[in-house]
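Values below: every heavy atom of this structure, side chains too, minus hydrogens, waters and symmetry copies. Letters A, B, ... mirror the listed sequences (proteins, then strands); counts begin at 1. Not measured: the values here are computed from a predicted model.
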Amino acid sequence: MRFAPIAVLVIAGLSIAACSNTRKDRPGLAMVQALLKPKPVAVVSDPQQVSQAVSEALNAIDGPLALATFEKTNNNVVLREIAVNGSHRTWASAGSADRRSLTTRHGVLTATRGLHQDLLSSDVSQTLALVKARRSGTATRVQRYLDGEDLIYEVTATCSIVRGGQTQVQVGRINRTATEMTETCQSAERNFTNLYRVDGSGRILQSVQWLNDFYGTTVIQQLR
Amino acid sequence: MTGKTSKIALTAVALAWPVTAVPENLTTTIVNNYGTPSGLIDMPTAEMAPDGQLNTAFSYFEGSSKTTLTFQILPRLTGSFRLAATEDLTPAFSTYYDRSFDLRYRLFDEGRYTPALAIGLQDFVGTSLLGGEYIVATKSIGEKLRVTGGIGWGRLGSYGSLGSSGSRPGFDINSEGGNFSVDDWFRGDYALFGGASYDFNDRLSFGVEYSSDAYDQERAAGIFKHDSPWNFAVNYKVSDDVHLGAFYLNGSEIGAKINFTLNPRNAPAPGGAELAPVPVGVRPTIQADLGWSNDPSNVTVLTDGISKSLDKDQIDLEGLRLTDTTAHVSIRNQQYNAGSQALGRTLRRLTRTLPDSVETIRVTLVENGIPVNTVSFKRSDLERLEHAPASAALAVAEFSDPLRFSDYPTAVEGLYPQFNWWIEPYVKTVFFDVENPILADAGVRARAEYRFGRGFVASGSVSVPIGGNLDDVRTVNDSLLPRVRTSQARYLRNNEPVVDKLTLAKYFRPAPDLYGRVTVGYLETVYAGVSAEMLWKPVDSRLAFGVEANYLEPRDFDQGFGLRSRTTPSGVIPRASGHVSAYYDLGNGFHTQVDVGRYLAGDWGATVSLDREFANGWKVGAFATKTNVSSSEFGNGSFDKGIRFEIPLAWAIGKPTKKTTGMTLRPFQRDGGARVNVDGRLYGLVRDSHEPEIAKSWGKFWR
């Protein structure tokens, strides 16, 4: 993350420590502090705690649940479904009212909100068709982000999808045999590899998917 | 299961790697002694800064300092503004202060075998103390070495001159400066210069040059010696934003420099760090629950629910009108600097609160009590396009003038009157005053506004200074015009609480595409009076026309409630001033404005301004005003001109806020070409909510 402390101090100078009767003026100091020390998702990094959070969520919440792990920040968060729009499901933290979300389409990550360098939207139909059918082939995928100027830029990647071996997936309430599908992608800015573990019905049970430069890859595991 | 998690996690670590980025064509973040992009010491190169970059550079050696602001206007065009101070240059001044502008344009980018070629003007408006022109070529050899050679005139042709191309009037300390010194350009003696820069690693680099500047004026004044044309520099990158450098000049002087870089295109948190919006609420089936809107109690409950829901996204509900199938909602956005984001968040909230039978949703944006733009969507389009590329939603959005709707919503009961107040610290600054790059006072400011509704707004602001050095601000006593602005120094020196402004304004919509404003009261630091304005701007137009008339009296120097006589030592301040204005969005991020009319001192003329505007709200621009006042009547600078910046706070902190900070830098503030400052000018008020600006920031619609 590029950060110009001097510039920010100058710019934020007038809004720091303002007080007002309107709700619009959040305390400027708090905003600057929040940026200096980003807290992207509810942090659970201890494996013991993760395990406990997962079983608590499974006992307390009906419906779809998943566990997301952000590689670079090493954060774990238990997700519950908060909205469904066609084949897209939007997920948010199960344990808190924190307004940050992930969106997946049949298990493939298509959007994030309230994280850093949000993924705005994605076209993943071709990837999805091959992965669900557990077939090797070539797919083009598009991921859209906002740049520093708030303009949308697209990362268009050409991906080669290869069917791998069988593996047993045992997470949460899931205990099933899955096929490993590897998606190796090349784009102008970035090369990345995604991994999906798909059951006999074509459902993605576990995946490792590249998100952005800030988080690196994200592990998403279905819990029921 | 945790074992499984960490196993799959480990697999992932090695899965993504960056592809080597394609470098921009011969750019650098290092600047030379003159604060322009160059890996050398005094000499220019054909290098450019990354597009949009702003450099603030300070350099110092033996009695000579330079403060330079440089903006990369276009990928191949660089502009600079500089304050140079030289001690003991002439007997008339202990320190001689000189302001200068530079331009450098790259004619050809670097090719595989061919160098980049640039042409430049140094100190091209002004007294030309630093004046010089050049044509320069730079070629990189491998990734670390860059070699430069060029030919220079003026200062850059003064050492080892090869010949002469005509006569050059040159530096005249007694001129008013400020005019384009066209007669000098590429005239007089010319000489060759050259150099090389080498990047030792990512942080450390070296420069060496053969300089064609003989430092004639400085040597004649006996400030320092010129023993050698060879200069040397070492540069160190402290961070991406801070560069330090030391240099050895003329075989006799050691100097140092520091450069701060800022690029509007590189936000600290790209995409913003604000929390997530609520997702679109998708209706299970389109239900025909018609008739519900006939029961007023249903509508009351709904209005209350919508108001509370929007409040969670910091949006104010102004009004609501419902039928069984349509909803027209008017909102006031005080939070989101991107209008598209305010719209996107409002619409998503509405999909979760409106009855299923409502299919058409209209959202009207309200500014200062007047409706400015109505954006209409089919609700099923919002449901369908939530996860599509953002452009798809823009394609189906309809933008219209709110006055074209007969069902324009009435104000929510109890919304007005509203009283808001703020108490906050402030810093009042004067940049590039004769002897000081920055003068500032700090204090506490109390602001309040009272919104009556129907476009009536009363607002005021009181400042209590605590301390600072604004007392040192220079007074200009040699004005030949009525002292409409040069008297401002007397207001700035106040150490008592002052009334910054106190006004009553009425905003109104006389007809479709037309906007009106009348403001009465203490308008700004120096003037009280009446200001009236009318603007024509269709909702989808990149073109607008405006007319403004002002009737003013100067305020007392203590900035209380009193007025003072309009008579000044050099003339009577006229009461009337006004302009007709044209505004045009040129596209590609450029915007221009032309104002023609009568200025404060009674002078008639025109102002032209050009700004580069970034989608995130950054603005960097320049303006110039020429009126029927001669250069000698105007005084230092010859005519009014300057550069200006506007920086959105949201860019810096990564959270939506409409707050911005800005500054206007003038080499000289005189009395010609001056205008009154009034809050709430219509173009700025209306434009951000109109289609072209909303479309530019559309990336934030679904954010």
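- The structure places CG of A:Asp150 at 11.5 Å from CH2 of B:Trp651, a figure rounded to the nearest 0.5 Å.
- Remark: the backbone N or O of B:Asn616 is not paired with any side-chain donor or acceptor of A:Glu149 at under 3.5 angstrom.
- Interface remark: A:Ser101 contributes backbone and side-chain atoms alike to the contact with chain B (heavy atom separation under 4.5 Å).
- There is no contact between A:Val142 and chain B, counting heavy-atom distances below 4.5 Å.
- For B:Ala442, no part sits under 4.5 Å from any heavy atom of chain A, backbone or side chain.
- For A:Thr218, no part sits under 4.5 Å from any heavy atom of chain B, backbone or side chain.
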- Item | Test side-chain contact (heavy atoms from CB on, under 4.5 Å) applied to B:His387 and A:Thr90, step by step | CA-CA 10 Å; B:His387 299 290; A:Thr90 299; 4.2 Å; yes
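- Only the backbone of A:Asp147 comes within less than 4.5 Å of a heavy atom in chain B; its side chain stays farther off.
- With a 4.5 Å cut-off on non-hydrogen atoms, B:Pro389 touches chain A through its backbone and its side chain both.
- Between chain A and the options B:Arg265, B:Arg703, B:Glu386, heavy-atom pairs under 4.5 Å are most frequent for B:Arg703.
- Around the CG atom of A:Asn59, the shell of radius 6.0 Å holds more than 12 heavy atoms that belong to other residues, nucleotides or ligands.
- Between A:Leu120 and B:Gly699 the shortest heavy-atom distance is CD1-O, 3.8 Å.
- The greatest number of non-hydrogen atom pairs below 4.5 Å with chain A, out of B:Lys696, B:Gln418, B:Lys658, B:Lys700, is found for B:Lys700.
- Judged by distance alone, with hydrogens and angles left aside, the side-chain atoms of A:Arg99 form no donor-acceptor pair with the main-chain N or O of B:Glu274 at under 3.5 Å.
- Side chain of B:Asn266 to backbone of A:Gly148: no donor-acceptor contact under 3.5 angstrom is found.
- Using a 4.5 Å heavy-atom cutoff, the side chains of B:Pro279 and A:Ile82 are in contact.
- Atoms OG and CG, from B:Ser697 and A:Leu151 in turn, are 9.5 Å apart once rounded to the nearest 0.5 Å.
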